[in-house]
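Worksheet for the structure shown next.
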Amino acid sequence: METIVIVGGGAGGLELATRLGDTLGASKRARILLVDRYPGHFWKPLLHTVASGKCDPRVEELSFPAQAVEHDFEFVQGEVLCMDRAHQTVTLAPRGGFNAGNGSDGVCRTITYDKLVLALGAITNFYNVPGAAEHALTLDNVDDAESFRRRFLDACIKAGEQKTQVNVVIVGGGATGVELAAELSNSARALAAYRVHTLDPETDIRISVIERGQHLLPQLHPQQANRAARELRALGIEVLTGTAVAEVTHDAVIDAAGNVHRADLTLWAAGVEAPQLCATFGLSVNNLRQIIVDASLCSANDSQVYALGDCASYVCPIKGVAPPRAQVAHQQAMFLADLLARRNGTPRPDFRYHDYGSLVSLGPQTAVGVLTGAITGKSIRVAGATASLLYQLLYQKHLLNLHGTARVATQALVDWLRAKIQPPVKLS
């Protein structure tokens, strides 16, 4: 029986494992293994809601073992150390790590594959800005988001006791930076309402977004970007465009013009690159360490290795470079689910990325974005409550791909009831 190993349980990796489990796994045509260092999945586009305290990851996280049982694939928790392409094996770190004091036996684990899919996601790219990696926080995973939330909460409480201000600087005016700024502003007000801190959220908590480009949200039309900037400023958030960051210190962000922006917390959301691990496999990578793949999402160096999502470099002959976005990972996962389920000898189709638009949340009640028709290709700009509703449906669509209609509807009801009886943000 053929063994297909998928490394990485992000949006693309988990959707692929689920789909292949339902087809090849259920029919015993192949053994499907999903490998991830964490025990559960959280949808990365919502990490800003964890950082702001709006979302509790313990509630929203999806268990990999439970998903595996329900969809006929296997889950192995572990951190990938290396790959031996000659012997078609992947080596994992010992259970619990190398430290024998925490119960580990110190023995690495080896998994053999017939086909390997790399879905390792992306990490923050600091672009070699001095001090950024040392002093700026990131939103690469749930642990990062929770760390930011706790530090923001502690900073607010401490500043209230000392009668000082809290300064938060977000570097990067893309979707992550803009969404976090908006949610953080709302969270600051909610925390004040519940008397978690004694600061005035209007004057004592200063949030700034610094963007190198001339507009926020470069993936959107300038008109939409300007609307987003107005919405942020209406929340009291400082928006600085056309501003490059030259250095980050422990308490400030210094721009290229020499201006010093005081920062009790600095969050870097200015770009991503593939993990360092991608450069150790002996596969062709680009300058962002993304694995170069062909039209079948197959590595240029190894016909048994595929890559998808943010760790892959796919250049569409029509649309150009596929961006590091969740909809790309989803489309690639569905494409590979079909490709890998085909019988040997059948023709391989080519992947084609379709940009269906982009939506960016600006808080609980509003959003901006653009929708592109699948057939006509025409773009429609949306904003306000309609865009906010569509934004919420994006996550529901991801859940539908994993669970089906009945379970998603039930979970939506549970979430609605929970929102009625619990505070809008985590208070501790």
Side-chain angles (χ1 to χ4, degrees), residues 44 47-53 121-159 162 164-185 187-188 199 204-218 225 228-229 232-233 235-276 287-289 310 324:
K44 195 170 183 177
L47 282 175
H48 69 279
T49 64
V50 177
S52 65
I123 60 174
T124 298
N125 188 345
F126 295 104
Y127 298 102
N128 297 315
V129 172
E134 294 78 13
H135 302 297
L137 300 173
T138 62
L139 288 186
D140 286 341
N141 51 55
V142 170
D143 291 341
D144 287 350
E146 274 286 274
S147 176
F148 179 91
R149 183 192 67 82
R150 289 191 297 268
R151 290 186 61 172
F152 176 71
L153 186 62
D154 291 344
C156 289
I157 294 172
K158 182 179 179 180
Q162 298 179 349
T164 58
Q165 290 184 327
V166 173
N167 296 277
V168 180
V169 176
I170 299 172
V171 180
T176 298
V178 168
E179 291 178 339
L180 176 61
E183 288 292 354
L184 209 57
S185 175
S187 293
L199 300 176
D204 296 333
I205 300 177
R206 301 183 59 188
I207 303 171
S208 303
V209 177
I210 298 179
E211 164 59 32
R212 180 172 186 154
Q214 295 304 310
H215 299 279
L216 298 178
L217 305 172
L232 292 185
R233 291 188 176 109
L235 292 172
I237 298 167
E238 182 181 28
V239 177
L240 301 171
T241 56
T243 304
V245 173
E247 183 181 358
V248 179
T249 69
H250 73 283
D251 62 354
V253 172
I254 304 169
D255 65 33
N259 300 309
V260 178
H261 308 270
R262 183 183 169 191
D264 299 290
L265 291 173
T266 300
L267 189 285
W268 194 275
V272 297
E273 61 184 352
Q276 181 64 43
N287 63 324
L288 297 177
R289 294 195 295 263
D310 295 354

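Predicted model only: the values in this text are computed from it and were never measured. In what follows, residues are counted from 1 in the order of the sequence shown.
Counting only distance, with no hydrogens or angles, the side chain of Arg233 and the backbone of Val239 share a donor-acceptor pair below 3.5 Å. A distance-only check finds a donor-acceptor pair linking the side chain of Thr243 to the backbone of Thr241 [under 3.5 Å]. A side-chain donor-acceptor contact under 3.5 Å links Glu211 to the backbone of Gly173. Here the side chain of Trp268 pairs a donor or acceptor atom with the backbone of Asn125 at under 3.5 angstrom. Remark: the backbone N or O of Ser52 is paired with a side-chain donor or acceptor of Ser187 at under 3.5 angstrom. With Lys44 contributing its side chain and Gly121 its backbone, the two residues share no donor-acceptor pair below 3.5 Å.
Sorted by first and then second residue, the salt bridge (charged side-chain N to carboxylate O under 4.0 Å, His left out) pairs involving residues 138-148 (not counting sequence neighbours) are Glu146-Arg149, Glu146-Arg150, Glu146-Lys426.
A pairwise comparison of heavy atoms in Gln165 and Arg206 identifies OE1-CD, 3.6 Å as the closest pair. Heavy-atom minimum distance, Ile237 versus Ser185: CD1-CB, 4.0 Å. Of all non-hydrogen atoms in Val209 and Gly177, the two that sit nearest each other are CG2-O, 4.4 Å. In terms of heavy atoms, Ala246 sits closest to Pro130 at O-CD, 3.3 Å. Nearest heavy-atom pair across Ala225 and Leu217 is CB-O, 4.3 Å.
Proximity of Ile123 to Val272: side-chain heavy atoms (C-beta onward) are nowhere separated by under 4.5 Å. Between His135 and Thr266 the shortest side-chain heavy-atom distance does not fall below 4.5 Å. Side-chain contact between Glu238 and Leu240: present, with at least one pair of heavy atoms (C-beta onward) separated by less than 4.5 Å.
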### Task
In sequence, state the C-alpha distance, the side-chain angles, and the governing distance for Ile210 and Val169, and then conclude on side chain to side chain contact (heavy atoms under 4.5 Å, CB included).
CA-CA 7 Å; Ile210 298 179; Val169 176; 3.7 Å; yes

### Task
Start with the C-alpha distance between Val171 and Phe126, add both sets of side-chain angles, then the distance that settles side chain to side chain contact (heavy atoms under 4.5 Å, CB included), and finish with yes or no.
CA-CA 10 Å; Val171 180; Phe126 295 104; over 6 Å; no

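Of the candidates Leu267, Asp264, Ile157, Ile205, Ile205 is the only one forming a side-chain contact (heavy atoms from CB on, under 4.5 Å) with Phe152. Screening Leu139, Leu47, Thr138, Thr124 for a side-chain contact (heavy atoms from CB on, under 4.5 Å) with Thr176, the sole residue that qualifies is Leu139.
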Going by atom type alone, with no hydrogens or angles, which donor-acceptor pairs under 3.5 Å involve a side-chain atom of residues 247-256 and a protein atom two or more places apart or on another chain?
| residue | atom | partner | partner atom | Å |
| --- | --- | --- | --- | --- |
| Thr249 | OG1 | Asp251 | N | 3.4 |
| Thr249 | OG1 | Asp251 | OD1 | 3.2 |
| Thr249 | OG1 | Ala252 | N | 3.0 |
| Thr249 | OG1 | Ala252 | O | 3.3 |
| Asp255 | OD1 | Ala257 | N | 2.9 |
| Asp255 | OD1 | Gly258 | N | 3.0 |
| Asp255 | OD1 | Asn259 | N | 2.9 |
| Asp255 | OD2 | Asn259 | ND2 | 3.2 |
| Asp255 | OD2 | His261 | NE2 | 2.9 |

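More than 12 heavy-atom neighbours from other residues, nucleotides or ligands sit within 6.0 angstrom of CZ on Arg289.
Within the model, atoms OG of Ser208 and CG of Leu232 stand 11.0 Å from one another, a figure rounded to the nearest 0.5 Å. From Glu179, atom CD reaches atom CG of Leu184 across 13.0 Å, with rounding to the nearest 0.5 Å. In this structure, CG in Leu137 is found 4.5 Å from CZ in Arg151, a value given to the nearest 0.5 Å.
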